[in-house]
Structure formats: structure tokens, C-alpha cells
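One structure is given below, encoded as C-alpha cells.
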Amino acid sequence: MISNYEIARIFGQIADLMEVREDNPFKVRAYRKAAETIEGLTESLEAIASRGELEKIPNIGKAIAEKIGDICRTGTTPLYEELRAKVPAGLVEVMAVPGIGPTKVRALREALGVTSIEELETAGREQRIRGVQGMGAKTEENILHAIEAHRRRSDRWPLGKALPYAEGLAASLAERLGSLRIEVLGSIRRRVETIGDIDLGAVSTEPEKVMDAFVSLPHVKEVLVSGPASTRIRTNEGIQVDLRVSRPEDFGFLVHHFTGSRAHNIRLREIAERRGARISEYGIFEAGTDRELTTGEEEGEVYRFLGLPDIPPEIREDRGEIEAAQSGSMPVLIEADDIRGNLHSHTTWSDGAVSTEEMAAAARKRGHSYIAITDHSKRLGITNGLDEERLRAQMAEIDRLNAAATDGFRILKGSEVDILPDGTLDLDPALLAELDFVVASIHSGFKQDIETMTARMIHAMESGVVDMIAHPTGRLLGARDPYAIDLDRIYDAAVATQTALEINAFPDRLDLNDVNARRARDRGVKISINTDAHHPDHLGLYFYGIATARRAWLTAPDVINTWGLPDLMRWLEKRRG
DNA sequence: GCCGTTTTCGGCCCGACTGTTTTCAGTCG
């Protein structure tokens, strides 16, 4: 079994290798587009291939479909192997150095025999680059600088770090200039789970003034690009920030353009072209002329011009949203206000920061009408996990608190029970059956093989007492890969046993992620979005869970904790048979 | 290599900035 992710990686590498060889750039783009499309697919390519429907996927034609078949059968495809045999491994990395593309790679290789970053650096130190046709001392200096930056470039930032940082940067700039409309755009605005760089857009009729203020911010380590329309800096923290400025009447086009994604924008421009129009960050123009066809302070003008409904930023990935807009079947995406209660939270009974009563008060304050208290079970000793006796005591406490409540708010008795390596649960199932809401999750034995792990989780779902699986893949962004698990089989088991799967809203989890959650919902799985709160403030993390759900195209009815308490209890009763 | 409400062949998004040019190619997003 080979995952879509791995297949997409191979096509991405084919594109890289072909680019180094200066093959037809449109062919390179075709492979790259295929890789991007595959990454966004919610069904496994193997399943699609077994139905013979690969060529129905956009950007997959006869040739790439055949190669997908090769990869499913053998793990690779002849083209990939040929390219790897012909192209020195180091060249792809040389091209990854900012400022070096296919042409410079070839020039450097032909003139200096450079086939790796190390050789490139040596050539630069020995001042041999400046002798190459089309390159001077400045280029040589830039290359050496770029290699250094490339080596210590910071990894992608999780959204939970990038968004507050970008908003702080925008606020600092706005403060320096008095009042200024400035927006965080790019992948942050689309709420992508990790961010490579930050895009800002500002409204001003004096762009030079804005750019001057921007490059003099204390955050700035170096200025990478500097022009009247566009400035790029690197901050002390090592992340790149682009700033674009527009006059007010065209700001909507700038916002739209730099929100992206690129793939989404390209599709829109193709649609515009068929209507004789050209879309750019400056506006919508008659094709081949500079005659502006419309102005727009707000980005919605782009969609209005094309006769489409607004498309939310979170789903602008060319993953079917344009077709949905054209056919009038845009989903009404879930919003933060739809959440009625949190079904995964911790207290001082295990590793939480506050008491049951305080956590419930925090949920009330947010306007929720219920909360499930789901402390850890005994196996997780480090969290002071509850055994049967302490769980009974906590249940009694919750009964007392509920009896004293006068506003209809309800605390649900729950547990986050460990799924042990053999698939059994860490607490007596008879006791778990007395709870209102049982969360089960994996916190150990991450190295089990895919078959064992999948069977282990399914066994837990088939226990009859588990209502939801928390953070189903166990990944920690930037820290721990997901464990090996066959999610398609998990989804099928979740439907068969009517077990919900979680979108865990913690910014370093976001698990299930966008693509997996969309796939799960499409297979009929019920989703629950939870903060996994260990502190009252963590209830604010719903922002990230909702962002992930919106990127997964989820609507409120897909998510069980958007339901009122009576509907939720009815569903729980029914699923427990 | 993919695609099609002008097309099964001939296209393939659009614009900014930099450096090395002497009017533009390369790279990037």
C-alpha cells in the first residue's frame, strides 16, 4: 500500500529533476500540478485506480495515470528512475537555493562543474562564479548569502505561531503610520496548518512612505527585495515577510491576489480570459489593453465579476471549490459560533490546570451549553490518570455540580481512556458504559506496524463504549509524524460502529487534518471538534479547530458538538444501541 | 503532459525586482 502523499512526492521530484534538465517547462508544470492535485485528493489513488477512474481526476491524463499504476504496483516508475540515474542528486538542492533556477544551475555546471551545494559554495569562496557568463560579483555574493540562509532557514511555522506574529507585525506597522488598513494575507489567511512566509497588504496612496516604515521596523533583520510595489524582508526570527501596497479603490484585488492560493487564482484567470478579461492584483482589465473593467475595495468584486458566489479563503485551493461555485453547490461552512459544547477537556483530576467546576464555568462564559470532562486514565501515570475508583469519585462530583446548576448547563461525565497496545481499554468497560461521553486515544506504542495499529484502534471502536477517537493520527506538527495507520479502514469502522472522529484543535495537533477530515466526512463519518483544553484559556483554541474544519469543507451538521444537548444525547443513546 | 462553450493542436497566469544587460532574461510568488 502506498499513500497519496508518497505518490505526490514522486511526481514533485520528477518535476524538480526535469526542471534541472531544462525539459519542457510546461511538462514540468504538468507534473507539479498533478502532484498538487494528488495531495488534495480525499480518496486513495489505489482505490480510484482499481475502479479505472484515474483519468477522471483533473490534471491527470493518460501518461500520468499509467505512471500512478506503475507506482502502485512497484513503488516507482521508469521515468523517475531514469531521471535519478541521469541527474546528480545534489543539483536539485542547488536549485532550491533562492535565486538559482534551471538556467543558472546549467550555467554553473557547464562552466564550473558544480553538482552540489558544497561545490557551489567553494566556487563562490574562490570567486570563480563571477567569471561565468551572465553572472557578476553581485550574483556571486548573493549566492553565498543565499546558501547561508538556506542552511539555517527556519522550518515552516505552525499557524498558531505565524498568525499571532503576523498580526503583531501588522499592528506595529499600522501604529508607525497612524491609521492604516493592513491585512494578513497568503496562506495564513487561508489558515493553512503550517506557513512558509508571511504576506501583508496595506492600503495607501503613498506606498514609499509605507515601505520606509516597514523596513525600519525593529523586527527587520535584512531587506531582501525593495521596490515601490513590493518589499520583502527577513525578520530576526528568520521568517520572510512580503508587503504589498495598493490604493484604496483596488485594494480588493490585492487582497484577493495575495490570499491565493496560486492554483485557485490561475483557475479564475482562465475563466476571466474566456470572458475577454485579465485579472491581476491591480484590477480586472479588458484583455490586451489597460482598460479597467471594474474597481473593487473588497475582494468579493472578483467573484461578482465572474458571476460566482464568494468563496471562503479557507477552501481556495483548487480542490473543487470553483466547480462548486459554478454549479451553485457551495457548502455553508461551519463557524465558531456553531459550537455548542466541548467534548474533550481536562481538570486537576489528571493533568489539567483547574477544577471541574472552574472548567465548566469557563465553558458557560463562552456561551456553551455543555462540556464533557474527559480526564486521562490510569495508564498515563505522568498525567495522574484516573483509575476506576477515582473516576467514580469524579462522577459523583459532577452529579453534585449538575444537581446544583440552575441554568440548564450540563457537565457530561467522561473519560479520555487509553487504548492499550493490544487494543483493549485502560478502564473497565462496564464503568465506561456508565459515562455520558467516552473518548479513546493512543498515547503509547507509536511504533507498531500499520496492521497492528489499525486493528488496535478498530478493536477499541468495536468495544461499544467508545464514542469518539481523539487525535486519530497522533501527529505533532514539527515534532512527531503520524503513526502508521490505515485511515480508510478507520473511517469505515467509524461509520460501522457510529464512532465520531476528532478534529483536535490544539495548534500543534490539528488532528485529523483538513484533507483527512474531509475524506472522513465524505465517507459518512461524524466529526467532533474539540480543544483538548487543559486550561480555561484553551477553549479559545477553537479558532484553529474551526479553521481546519472549514478547510475540510465541513458544515455544522457534520459536527456532533454543534448539536444541542438533546440531539447529542439521542445520538449517543442510539449509537450505544 | 494536460486540456477544450472559438481549438484534438497549440496553447499553457500575471507582474515585480534584480543584475547584467545596452533592452532583457532569470527568478520568484
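Every chain is numbered from 1, with letters handed out A, B, ... down the list of sequences.
Across the strands present, dT8(B) finds no partner; the criterion is a Watson-Crick or G-U wobble pair with both atom distances under 3.5 angstrom.
Using a 4.0 Å heavy-atom distance criterion, P25(A) is classed as making no nucleic acid contact. When heavy atoms are screened at a 4.0 angstrom cut-off, I60(A) is found touching the sugar-phosphate backbone but no base atom. Counting any heavy atom pair closer than 4.0 Å across all strands shown, R278(A) reaches sugar-phosphate atoms only and no base atom.
Looking at which nucleotide of DNA chain B each of P58(A) and S230(A) is closest to, the 5′-most match is held by P58(A). Heavy-atom distances to DNA chain B give each of M135(A) and F26(A) a nearest nucleotide, and the one nearer the 5′ end belongs to F26(A).
Between dC9(B) and dC14(B), the two C1' atoms lie 25 Å apart (nearest whole Å). Comparing the C1' positions of dT7(B) and dC12(B) gives an interatomic distance of 13 Å, to the nearest angstrom. Comparing the C1' positions of dT8(B) and dG15(B) gives an interatomic distance of 32 Å, to the nearest angstrom. Nucleotides dT5(B) and dG1(B) have their P atoms positioned 23 Å apart, rounded to a whole Å. Rounded to whole Å, the C1' atom of dC24(B) lies 9 Å from the corresponding atom of dT20(B). dC17(B) and dT22(B) are spaced 23 Å apart, taking the P atom of each and rounding to whole Å.
Summarising the geometry, the separation between CD on E208(A) and P on dC17(B) is reported as 11 Å, rounded to the nearest angstrom. In this structure, NZ of K62(A) is placed 12 Å from C1' of dG1(B), rounded to the nearest angstrom. Put simply, NZ on K138(A) is 13 Å from C1' on dT20(B), counting in whole angstrom units. The distance from atom CZ of R267(A) to atom C1' of dC14(B) is 17 Å, rounded to the nearest whole Å. Residue K56(A) contributes atom NZ, which lies 17 Å from atom P of dC2(B) at whole-angstrom precision. As a whole-Å value, the separation of R274(A) CZ from dT5(B) P is 6 Å. If you measure from atom CD1 of I57(A) to atom C1' of dC3(B), you get 16 Å, rounded to the nearest angstrom.
Using a 90° window around 0 for the glycosidic torsion, dT7(B) falls inside it and is classed as syn.
In this structure, Y282(A) reaches the dA16(B) phosphate: one of its side-chain N or O atoms is under 4.0 Å from OP1 or OP2. OP1 or OP2 of dT18(B) has not a single side-chain nitrogen or oxygen of T139(A) nearer than 4.0 Å.
Checking dT18(B), dG1(B), dG15(B) against every side-chain atom of S280(A), the shortest atom distance belongs to dG15(B). For N142(A), counting side-chain heavy atoms from C-beta on, the closest listed nucleotide (dC17(B), dG15(B), dG19(B)) is dG19(B).
For the pair R84(A) and Y80(A), the cation-pi test (distance below 6.0 Å, angle within 45°) is passed.
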Q: Sugar-phosphate atoms are those with a prime plus P, OP1 and OP2; base atoms are the rest. Using that split, label each nucleotide of nucleotides 24-29 of chain B B, S or - for protein heavy atoms under 4.0 Å, 5' to 3'.
A: --SSSB
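In this structure, a donor-acceptor pair under 3.5 Å is present between the side chains of T294(A) and E301(A). With hydrogens and angles left out, the side-chain atoms of D558(A) and T555(A) include a donor and acceptor closer than 3.5 Å. Checked by atom type, the side-chain pair E206(A)/S204(A) shows no donor-acceptor distance below 3.5 Å.
Nearest heavy-atom pair, I503(A) versus G545(A), reported as atom, atom and distance to 0.1 Å: CG2-O, 4.0 Å.
When the options R550(A), E314(A), E317(A) are evaluated for a side-chain contact (heavy atoms from CB on, under 4.5 Å) with R190(A), the one that passes is E317(A).
Looking at heavy atoms from C-beta onward, H264(A) lies in side-chain contact with E321(A) at the 4.5 angstrom threshold.
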(Q) Is there a ring-ring contact (aromatic ring centres under 6.0 Å, His included) between H471(A) and F506(A)? Walk through the geometry before answering. (A) CA-CA 10 Å; H471(A) 42 75; F506(A) 245 79; 9.9 Å; no
